Visitor: 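One structure, as structure tokens, below. Some questions next.
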Amino acid sequence: MMSAGEQRWEMLEKIGAYAAGELEGEEAREVEQLIFERPDYRRLAESYARMLVMLDTLGNEPVEAPEAVVGYAIRRAYISAFMRSAEVFIGALGRSYLDAFVYYLGLRRESYGGGT
Amino acid sequence: MSSAPGGATDQALALRASRGDVEAFKQLVQEHSGLVYRVALRIVGVEGAQDASQEVWVRVWRNIKNFRGESAFSTWLYRVTVNACLSARRKEARRGEREYGGDEMPFLPEPPGGDADPEAAALGAERREEIQAALGHVRAEHRAALVLRHMEGLSYAEIAQVLGVPDGTAKGWVSRGRAAMLIALAEENHGRTGGSAG
């Protein structure tokens, strides 16, 4: 069995769902009846409606990110891409030097001339 | 959200960016930086929004290879943004969530010109502060769900996808967030009007 506090919270959520237009059929009619009968529930529904209008209004206002955010994101990507390329280049260069050194020491049998 | 006009372009740009094309990434940043900053502003507040937004774009660049194009790019971006904001919030000392223990229901007073007054519908600086402060008293996951639903206009299926939870959980989080927000907003309002409202 639910406590009085839990029942109040359930009603709070139910009226919120009604104010947001998310209840249908029997459930919606049940809440409508309660709102009609009890002035405190009516005030609650009106308060929800006001709050939802405020959230919607604020949500629809254009917000621009500060230039610093955009600049930082792009700079980081350029640096990261440069580092990746540098890593690949240095890796390839290192491997080439190593191959050449191994060949120089005669540790590899096959020759670069195509013959064996 | 998924029917955004730039959807196909975003997918193509994301694919190019995943191959290391910085110019494509730059276009994505320029196109969506407003979305990221707006959501960060609502979830972490003005003091943390810039850092959270920067962290989002670092994560996007690092993980864009994981974007497979199964959902809209904006859905994936919302997910990265919400995750970064929730991580940022976990690092902070948790602000007190407003408890609802009273016998009375929370109320918001009617604006002076009535609900139909267009001037009342426009939000003043004080009202914005109230909303932002009240959002700060809603549990982070519930706040994220509330913001996505009532400020970003996402469907429950989209919210579930962004938050990585079942549809029913997303619906429950929005519902709890809505109730907690009203309680916090009523208390903010009550505090500012010196207890004369409500």
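If you're wondering where the values come from, they're calculated on a predicted model, not measured in any experiment.
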Visitor: For Arg176(B), which atoms come within 4.5 Å of any heavy atom of chain A: side chain, backbone, both, or neither?
Guide: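 Backbone plus side chain of Arg176(B), per the 4.5 Å heavy-atom cut-off to chain A.
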Visitor: Measure centre to centre between the rings of Trp61(B) and Phe25(B), then say whether the value is under 6.0 Å.
Guide: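 Yes, ring centres under 6.0 Å apart.
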Visitor: With a 4.5 angstrom heavy-atom cut-off, is it the side chain or the backbone of Leu41(B) that approaches chain A, or both, or neither?
Guide: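 The answer is the side chain of Leu41(B).
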Visitor: If only side-chain N and O atoms count, and only distance matters, is there a donor-acceptor pair under 3.5 Å linking Glu37(A) with Gln33(A)?
Guide: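 Yes, a side-chain donor-acceptor pair sits under 3.5 Å.
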Visitor: Non-hydrogen atoms of chain B under 4.5 Å away: do they reach the side chain of Glu13(A), the backbone, both or neither?
Guide: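 Glu13(A) touches chain B through backbone and side-chain heavy atoms alike.
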Visitor: Please classify the contact between Leu52(A) and chain B as side chain, backbone, both or neither, with a heavy-atom cut-off of under 4.5 Å.
Guide: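 For Leu52(A), the side chain is the part near chain B, not the backbone.
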Visitor: So, Glu22(A) and Tyr156(B): side-chain donor and acceptor under 3.5 Å apart, yes or no?
Guide: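 The answer is yes; a qualifying pair exists.
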Visitor: With only heavy atoms counted, which part of Leu182(B) is less than 4.5 Å from chain A, the side chain, the backbone, both or neither?
Guide: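 When you check distances to chain A, atoms from both the backbone and side chain of Leu182(B) fall under 4.5 Å.
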Visitor: Determine the interplanar angle of the Phe67(B) and Phe73(B) rings, folded into 0 to 90°, and report it as parallel if under 30°, tilted if 30 to 60°, perpendicular if over 60°.
Guide: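 Rings of Phe67(B) and Phe73(B): perpendicular, as their planes differ by over 60°.
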Visitor: Find the one option among Lys14(A), Glu64(A), Arg84(A) whose heavy-atom pairs under 4.5 Å with chain B are most numerous.
Guide: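 Of the candidates given, the most pairs with chain B belong to Arg84(A).
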Visitor: Checking heavy atoms, do the side chain of Tyr72(A), its backbone, both or neither come under 4.5 Å from chain B?
Guide: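 For Tyr72(A), side-chain heavy atoms alone lie under 4.5 Å from chain B.
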Visitor: Find the one option among Arg38(B), Arg178(B), Met151(B) whose heavy-atom pairs under 4.5 Å with chain A are most numerous.
Guide: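 Of the options given, most contacts go to Arg178(B).
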Visitor: Any carboxylate oxygen within less than 4.0 angstrom of a Lys/Arg side-chain nitrogen, looking at Arg19(B) and Asp21(B)?
Guide: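 No salt bridge links Arg19(B) with Asp21(B).
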Visitor: Does any heavy atom of chain B fall under 4.5 Å from the side chain of Ala4(A), the backbone, both, or neither of them?
Guide: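 Contact with chain B is absent: no heavy atom of Ala4(A) under 4.5 Å.
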Visitor: Does Arg43(A) pair with Glu46(A) as a salt bridge, N-O distance under 4.0 Å?
Guide: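 No, this pair does not count.
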Visitor: Step by step, work out the side chain to side chain donor-acceptor pair (under 3.5 Å) result for Tyr78(B) and Glu158(B).
Guide: CA-CA 10 Å; Tyr78(B) 269 119; Glu158(B) 287 167 335; over 6 Å; no
